[in-house]
There are 2 protein chains.
Amino acid sequence: MAQPAAGKTAGGPRRPRVTISDVAQELGLTKGTVSRALNGYADISESTRNRVLHAAEAMGYRPLSHAQAIRTGKVRSVGLVLQLNQHDGHRPFLQDFLSGISEAASAADWTMTMATASSDEDTQRLLAKLVAEHKADGFILPRTYMVDARAEFLRAEGVPFVLFGRTRKEEGCAWFDVESEAAMEEAVRILHGLGHRRIGFVPGSREYTFSVIRQEGYEAGLRRCGLPFDSDLVGRDALSRASGAEATRALLSLPEPPTAIVFCVDRAAIGAYEPAHLAGLAIGHDLSVISYDGIPEGGLVSPKLSTFSVDMKHAGERLAQLLIRRIEGEAPETLRETVRARFLARGSHGQPALSSADVARRVKSALNY
Amino acid sequence: MAQPAAGKTAGGPRRPRVTISDVAQELGLTKGTVSRALNGYADISESTRNRVLHAAEAMGYRPLSHAQAIRTGKVRSVGLVLQLNQHDGHRPFLQDFLSGISEAASAADWTMTMATASSDEDTQRLLAKLVAEHKADGFILPRTYMVDARAEFLRAEGVPFVLFGRTRKEEGCAWFDVESEAAMEEAVRILHGLGHRRIGFVPGSREYTFSVIRQEGYEAGLRRCGLPFDSDLVGRDALSRASGAEATRALLSLPEPPTAIVFCVDRAAIGAYEPAHLAGLAIGHDLSVISYDGIPEGGLVSPKLSTFSVDMKHAGERLAQLLIRRIEGEAPETLRETVRARFLARGSHGQPALSSADVARRVKSALNY
DNA sequence: GAAAGACCCGAAACCGGTTTCGGCAATAGA
DNA sequence: TCTATTGCCGAAACCGGTTTCGGGTCTTTC
C-alpha cells in the first residue's frame, strides 16, 4: 500500500465533529437546505429556518471555515506581515495594535493570520506565500512606504489590502491614517504662540510616507505662522534614540540654533535629552521639544515628553474593519479614513527662556568646557 | 433567484488560480496522480514525478491550503491566544516571542493564527471558537497556570497543544520551559557567596506555575547554602513596578531586613529602586537585587539590573517546533524541553556593605526624616 | 510458456461545505 | 376550472484537493 511522506495523526479520543449532514439527517432535510437556511437565503420558510437554527445550536454545529472556503473562496481571515527588526520602531505599539486588529476581527467572526519578517525581501516573500496558499483574504500593510512594493504586488494579484498610512499611487488603495501633518503643523503653531521663532525639525526617513507627510506639516506650520523656511533647521533623519541625539547635536551646533525642535517620532525625541543636558540646556525651558507617537517611554523621561499621541488600538480596529469591508466588495475609494492625533501637553515645551544667540553661546561654552 | 446575505466579491482582474487539474491536464495525467506525485507516494515512477514537479513549478501551482485541509484535516497553522492586558506582563517579550514562533512556523511551511484576549474568560471563548472552526491544528499556551483551564479544554477536545511553562497535571502535556528554579537557586548561592545571610524573595503570583517554581528554587538555594528559611523574608506577590515597590518597602521595614532580595520578575525588581533610594540605600551596594526575565528596561535603570535573561525568540521557535511535531503525531512525553536562563551580572548586586541591623537603622532614620 | 508479482497509473469516491436547477404543492389570477 | 405564479425544498453538481481501489503492462520465476 502506498505510504505518504508525513506521519500519522495525533490527538486523543477526539469525538467526531458534527457536520452539516448530521444536522440535515437529524431534521430529515438535505444538507443543501440546511446550508441555505443557515446562510440567510430567502427561499427557506421561516419555520424551517428556525428548526435548523435551533438544531444546529443544540447539536453544537459549527461549520469548518476551510470547508466553506473551498467553495466561497474566503477563509475569513485578515493577514498581517510585520517587519519587526526595523528601528525597533513599533515595538511599544505592537501590543495595542494587535489587540485592535484581533478584537475587530473576532467581533466580525474573522481571525487573523500573521507572520513576522526581518527585511523587505522577507516581507515580500512571506506575503507571496500567504497569497499563494490563500491563508488570508486580504492584508493590512503597516508602515507605508512612498513606493510600496507590497501594495504593488497585492494590486497586481488582485488581493484586497488596506494601508496604514498613505502612499504615492493612491488608485485602488484603501487606507487608514492619522493626520500627522496636522499634528506637526499644530506643534509649530503652539511653539510660535509661545514665542519661539527658530523652530527646528527632525524627520524620520524619506522612504516612509509618514516622514514626508510630517515634514510637509512642519513646513505648513511655518507658513501659517509667517516664519521663513530655513533648510538648516531641518536635521538629519532620525528614527532611533541615537540618531535623534546626533541630529540634536548638529542642530544645536548651528550658528543660529533653534530654541525649539519638532521631532517626527518620539524615539528620536528622547534622544534629544542627553545632548541638551550636556550643553547645559534644560528641556522644556531652554529648549522646547514636541514630538509625535505617544510611546510609553515618553512618560518616563524627565521632563515628560510633550507629544501627539496615537491610539494604536483604535487604528488596529479600524484597519481590520476597513479591510473586511474591502474584501466583501466595497470600493477602495469609500474606505479611506483619517483621524487626528491627540496632543499630550507635558513638560518638554514652554516659553523660550533663551534667545537663539544665547543658546549658541551656551552650547559653545559647554563644548569648550 | 435566491440571494445570500453577504455582498459580492471584491478584487480586480484576479487571474484565475492554477489548480491541480490544470497541471494534470497539461501533462495528460489525472489529478489523483499529480497529487500523489507531489506528496511523495511510492507508487509513482521517478520520471513521472519529475515531470509533475517541473510542470507544477513552471505553471506556478501552489495547492490551496484549505482545500487540502478538508481531506487531510490539517490547515498547517499553529494557534496562539495572547492574553495581553494582564500586568502588562509580556509586553517587552512580545516581539521576540512572535518572531520566534513565526519564523519556525514559516520554516516548516506553516503559518500562525493568533488572537488576543483581555481576560481568562475571553481567552477560553476565543480558544473554543478557534477550535470549533478549526482555524489552527494546535495551540501554544503561554503563561501556564498551576491549574490551566486552557489545557483542560484542549485535552478534552483532543486538540494538540504545547505549554510554555509547566503545569500541575503533566499527563498528555508537551512543554517548553526555562529552568527558572535553577536560576533562583543560583541567585541565592551567588548572594550567599558574596556574604549575604538575610536574603529576601518576592514572588509573582501563586496562580502561575512559574512563580511557585521560582519560589521553590529560592528555597532550594537557601538549603544548599545552609541558610534557614524565614517566611518573613518572603514578600507579597508582585508582578508590576508598583507592587514590587510595595513589597520592597515591607521587607525593608522588617525588624531584621534582608541585605539582598531576589525577585521573581524584573518588572517588580525595578520597583525596588525607588523605595531603596528613599531609604537611603544604594542598590548594588547597601541592598543587592537579583531578578529574572531580562527585559530591556532592566538595562535602563541605574545601576543596571542583575538578572537572569531568557531568550524569548528561541522559546517561540522551540514551542512552534514542538507543537508541529505534536500535531504530526509524536507522543507528548517525548516533547518536553527545558533550557537554562543566562545570568546577566550587572550592577544591582554585590558584597553587602551593611549588616541587616545597619539596614534597619538606616531605614528607620530615613522614615523619621 | 504460463502464472505470479512488481510497477504504475486511471477512475472514482471522498472531505464538508455551497450553489444551481428543477419540480412539486399551494395559491393567485382569469 | 384551468393556468400562471409563487414558495419551498430535494437532488445533484461543484469547489480543489486527497486517498482508495482495481486493473493493465512489464518482469520475473519455475
Side-chain angles (χ1 to χ4, degrees), chain A residues 1-6 8-9 14 16-52 56 59-76 132-135 137, chain B residues 1-6 8-9 14 16-52 56 59-76 132-135 137:
Chain A
M1 189 135 304
Q3 186 78 344
K8 64 171 191 289
T9 307
R14 193 180 307 208
R17 139 186 308 277
V18 18
T19 71
I20 197 170
S21 298
D22 296 334
V23 178
Q25 191 166 9
E26 176 76 18
L27 293 170
L29 296 171
T30 61
K31 58 178 187 170
T33 302
V34 173
S35 173
R36 278 170 309 187
L38 256 21
N39 291 314
Y41 277 70
D43 64 344
I44 299 291
S45 74
E46 211 45 46
S47 65
T48 308
R49 188 191 310 283
N50 284 331
R51 283 177 62 214
V52 170
M59 299 173 71
Y61 168 68
R62 297 291 302 270
L64 229 37
S65 66
H66 53 266
Q68 313 190 102
I70 185 183
R71 190 68 219 260
T72 62
K74 297 210 173 38
V75 292
R76 294 215 324 280
E133 299 186 2
H134 200 122
K135 287 281 196 170
D137 302 310
Chain B
M1 189 134 305
Q3 185 79 342
K8 63 171 194 280
T9 307
R14 192 181 306 211
R17 151 185 296 282
V18 18
T19 72
I20 195 168
S21 298
D22 295 335
V23 178
Q25 190 167 11
E26 175 75 20
L27 294 169
L29 296 170
T30 61
K31 57 178 186 169
T33 302
V34 173
S35 173
R36 278 171 311 190
L38 255 22
N39 290 312
Y41 277 69
D43 64 345
I44 299 291
S45 74
E46 211 46 44
S47 64
T48 307
R49 188 189 311 284
N50 284 333
R51 282 178 63 213
V52 170
M59 300 174 70
Y61 168 67
R62 296 293 301 268
L64 228 37
S65 67
H66 54 265
Q68 312 189 103
I70 185 183
R71 189 70 216 259
T72 63
K74 299 211 172 37
V75 292
R76 293 213 325 280
E133 298 186 1
H134 200 121
K135 287 280 196 169
D137 302 310

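Below, chains carry the letters A, B, ... as their sequence lines are ordered, and counting in each starts from 1. No experiment lies behind these values; they were computed from the predicted model shown. Heavy atoms only: backbone and side chains are in, while hydrogens, waters and symmetry mates are out.
- Following rounding to the nearest Å, A/Asn39 (CG) and C/dG16 (C1') show an atom-to-atom distance of 13 Å.
- For the contact set between residues 24-34 of chain B and DNA chain D, defined by any heavy atom under 4.0 Å, the members are B/Lys31, B/Gly32.
- Residue contacts shown for B/Ser35 include a base, since a base heavy atom lies under 4.0 Å away.
- Pairing each heavy atom of B/Lys135 with each of A/Val75, the nearest pair is NZ-O, 2.7 Å.
- When the P atom of D/dG16 is taken as reference, atom NE2 of B/His66 falls 9 Å away, rounded to whole Å.
- Distances were taken from every side-chain heavy atom of B/Ile70 (C-beta onward) to each of C/dC9, C/dC15, D/dG17; the shortest belongs to C/dC15.
- Rounding to whole angstrom units, CZ of residue A/Arg76 and P of C/dT18 are separated by 10 Å.
- Residue A/Ser45 places at least one side-chain N or O closer than 4.0 Å to OP1 or OP2 of D/dC9.
- One interatomic measurement links the two molecules: CD1 of A/Ile20 to P of D/dC9, which rounds to 15 Å at whole-angstrom precision.
- Here CD1 of A/Ile44 is found 12.0 Å from CG of A/Asn50. Values are rounded to the nearest 0.5 Å.
- Residue A/Gln68 places its side chain closer to C/dG17 than to any other of D/dG17, D/dC21, C/dG17.
- The structure places NE2 of B/His66 at 12.5 Å from CZ of A/Arg71, a figure rounded to the nearest 0.5 Å.
- Residue A/Thr19 places no side-chain N or O under 4.0 Å from the OP1 or OP2 atom of C/dC15.
- Residue-to-nucleotide proximity on DNA chain C shows that, of B/Arg49 and B/Ala67, the 5′-proximal contact is made by B/Arg49.
- Taking atom CD1 of A/Ile44 as the reference point, atom C1' of D/dG10 lies 10 Å away to the nearest angstrom.
- Regarding contacts with the backbone of C/dG16, every side-chain N or O of A/Tyr61 stays at 4.0 angstrom or more from both OP1 and OP2.
- Side-chain atoms of A/Val52 and A/Leu27, non-hydrogen and from C-beta on, do get closer than 4.5 Å to each other.
- Here C/dA6 presents its P atom at 20 Å from CD of B/Glu46, a figure rounded to the nearest Å.
- Between A/Lys74 atom NZ and C/dT19 atom C1' there is a gap of 14 Å when expressed in whole angstrom units.
- Remark: C1' of D/dG16 and CZ of B/Arg17 are 10 Å apart, rounded to the nearest angstrom.
- In this structure, the nucleotide among C/dC8, D/dG16, C/dG16 sitting nearest to the side chain of B/Leu64 is D/dG16.
- Evaluation of atom-type donor-acceptor distances gives a pair under 3.5 Å for the side chain of A/Arg36 against the base of D/dG10.
- With values rounded to the nearest 0.5 angstrom, B/Gln25 atom CD is found 12.0 Å from B/Thr30 atom OG1.
- A/Thr33 and A/Arg36 share a donor-acceptor pair across their side chains, judged by distance under 3.5 Å alone.
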Go through B/Tyr61 and B/Leu38 one step at a time and tell me if the side chain to side chain contact (heavy atoms under 4.5 Å, CB included) criterion holds.
CA-CA 11 Å; B/Tyr61 168 67; B/Leu38 255 22; 3.7 Å; yes

